[in-house]
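Heavy atoms only: backbone and side chains are in, while hydrogens, waters and symmetry mates are out. Each chain gets a letter, A, B and so on, in the order the sequences are listed, and its residues count up from 1.
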Amino acid sequence: MDFLLDAETTPHKLVLMVVAIALFVVVMGAILFAVDKPKRVPNWLLVLGFIGPPLLIMAFGLVYPALRTLFNSFFNADGSQFVGVDNYTAIFSSEGLQVVLRNTVLWVVLVPLLATFFGLVYAYLVDRTRFENFAKMLVFLPMAISGVAAGLIWRFVYEYRPDQEGINQIGLLNQLLVWLGLEPRQFLLDQPTNTFFIIVVMVWINAGFAMTVLSASIKAIPDDITEAARLDGVSGIGMFRYVTVPSIRPALVVVLTTVAISTLKVFDIIYTMTGSQYGTSVIATEFYSQTFRQFNDGLGAALAVLLFVLVIPIIAYNVRQLRLSEEIR
Amino acid sequence: MTSTTPTVVGPQTAQVDAPVATTESWRQRRKRQKAEAAAERLSSPVASTIAVLIAILWSIPTLGLLVTSFRTVDDINSSGWWTALSNPLFSQYNYVEALFGGGGLADNFVNSVVITLPAVLIPITLALLAAYAFAWIPFKGRNILFVAVFALQIVPLQVTLVPLLTIYGDLGIAGSFWTVWLSHSIFALPLAIFLLHNFMKDVPPSLVEAARMDGAGHVTIFFKVLLPLLTPAIAAFGVFQFLWVWNDLLVALTFASNDASPMTAAVADLVGTRGSAWYLLSAGAFLTMIVPLAVFLGLQRFFVRGLLAGSVKG
């Protein structure tokens, strides 16, 4: 029965999957069966049966590890010596890590703004047109694919060939440069602009999300508002600026903050495109390099905690805005 | 906060594509306005140019890699993919090679499937039970516990990885599928409980009361009354969790050993070792995309619904 821990062949893996699901079903079934006697089972046992397993798993997998990481962030690379806040000072003072912080700021500011901008403009332009569904799907599609695939798609757009006789560019962007009579360039290697070219990928992915949410809330704008504005002579860009945007403000906040949070944790795109080298690292990728490549657990933990701390205000703002908009309604 | 959905667009209003017409006159008015608005938009050449431009910008990169994945190795390296459009010569060699040859992705494809199914089923089931208790069984400290679960959504994965790795090592299960399943379930639970709870709260209490009057126990109410009503919500979260697990890289790199590593990790590995072998990379990228794209195109309705209910995480 070794394969239960160490499945290597395809049949073993599939059997293991079925075993796992069956095991899970049996355990959950047993719990449900035990609590399905409303007269005899006390309330607390019932509640325990329903919320006990998930609470236990979350305590084990989220609460304890988070506290443990916080603890580890005050220790040195191999966890043998208490170093106080040295790891945190290192993040803010070492030169390499300052690039990481600068990149993180660029990502968290640019990605939400650009993705929301493109998503909003596009949602507004294709709203109620004949090709609306198809047009939306084109922009929405990148949402469904992995960061690895997205990274590869754009790596190919940026692909560089040295500018020599008899060598054709195979990356679209460099070919465009050549057609324009310019030198091809190494988009992903040249610092510091390479960060911007990777940011493009995250914008490309998230615009579809922004578009979908914003499109739904554009459609929810009551017709009498648009009609009243039209009677007042508002049209075109004025309609967009003075009617559409203010009406969907709460949705804009949700989109901006949601994209900002996912951007803070971005990992797979940068990992695929540059391996987080050439000055393109952000906090989330730097955490990975420090922990699993340089085995500096203390610094890695501090970076993870910093990520945690940065997420909190964005979520707090989101919740506050939601409360406000609830009150208005 | 506890009784609201996280976005302004609640689950009830989420069916954007199918607005419910209440009266005939309303529908007619709506139709007329639609036609007017469409005429107005399309008549503006600048607006439609911008829209078309954005659509092209968003589609061309994927199209380029897709075309490349069907070209021969020599063609890929000697000319741009756009030349293939006028002089097409396509083969499936790259896909065979990526799956069974130099890429060896067939094994990883199996791994992705083996990882994803339990990692979707387990958290949804657990979350449904917990959400039911939070919504319909009164007990002491219920609100505080629920807020605590809600708050756990803000814990980023990164904070938990190293301690979990240590624990898995101590338990002797490191690198196996079990750790990957468990990890994905852990990370999905707070959001799943929160969302499903919100959907459950939307079920009219009278339905639950009536069932209770008839002598139904909690398990009966859960399966007979609530589950059928919740199917769309479960599908919405299910699609989301599916895509999230299938597309994940960080959890896979951290917890899955070589024998268990999914497609995303294998392709990312190919980038490291064969960074310029575009015949492999392009085919590999599309192999990782086939299943999520199929799920996406087939279940788009639920996916959008999940988005609008705020089921998004990074």
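For the options B:Phe134, B:Phe296, B:Trp246, heavy-atom pairs under 4.5 Å to chain A are most numerous at B:Phe296. Between chain A and the residues B:Thr288, B:Val295, B:Leu152, B:Thr179, the most heavy-atom pairs under 4.5 angstrom are made by B:Leu152. Most heavy-atom pairs under 4.5 Å with chain A, from the set B:Thr166, B:Leu281, B:Asp248: that is B:Leu281. Highest contact tally toward chain B, considering only A:Leu264, A:Leu62, A:Asp268, is held by A:Leu62 [criterion: heavy-atom pairs under 4.5 Å]. In terms of heavy-atom pairs under 4.5 Å with chain A, the best-connected choice from B:Gln300, B:Gln158, B:Lys140 is B:Gln158.
Under a cut-off of 6.0 angstrom, the local environment of CZ in B:Arg142 is crowded, with over 12 non-hydrogen atoms contributed by other residues, nucleotides or ligands.
Considering only residues two or more places apart in sequence or on other chains, B:Asn111 meets the side chain to side chain donor-acceptor pair (under 3.5 Å) condition with A:Lys13.
For B:Val149, the part lying near chain A is the side chain, with the backbone staying farther off; criterion is any non-hydrogen pair under 4.5 Å. For B:Val114, the parts lying under 4.5 angstrom from a heavy atom of chain A are both the backbone and the side chain. If you measure heavy-atom distances from A:Glu159 to chain B, the contacts under 4.5 Å come from the side chain alone. Only the side chain of A:Tyr288 comes within contact range of chain B, with at least one heavy atom under 4.5 Å from a heavy atom of that chain. No part of A:Ala135 comes within reach of chain B, as not one of its non-hydrogen atoms sits under 4.5 angstrom from that chain. Contacts of B:Ile167 with chain A are made by side-chain atoms alone, with heavy-atom separations under 4.5 Å and no backbone atom involved. Contacts between A:Phe60 and chain B at a heavy-atom distance below 4.5 Å involve backbone atoms as well as side-chain atoms. Only the side chain of B:Trp181 has a heavy atom closer than 4.5 Å to any heavy atom of chain A. In this structure, no portion of A:Leu67 lies under 4.5 Å from any heavy atom of chain B. With a threshold of 4.5 angstrom between heavy atoms, A:Ala66 approaches chain B through its backbone and through its side chain. Contact of A:Leu172 with chain B is made through backbone and side chain together, with heavy-atom distances under 4.5 Å.
The aromatic ring centroids of A:Phe267 and A:Phe287 lie 6.0 Å or more from each other. Proximity of the aromatic rings of B:Trp244 and B:Phe187 is defined here by a centroid distance below 6.0 angstrom, and this criterion is not met.
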Sequence neighbours excluded and cut-off under 3.5 Å, please list the side-chain donor-acceptor pairs for residues 141-157 of chain A, or say none.
from, atom 1, to, atom 2, distance (Å)
A:Ser146, OG, A:Ala149, N, 3.1
A:Arg155, NH1, A:Thr272, O, 3.3
A:Arg155, NH1, A:Met273, O, 3.3
A:Arg155, NH2, B:Gly275, O, 3.2

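Between B:Trp82 and A:Gly171, the closest heavy-atom pair is CH2-O, 3.7 Å.
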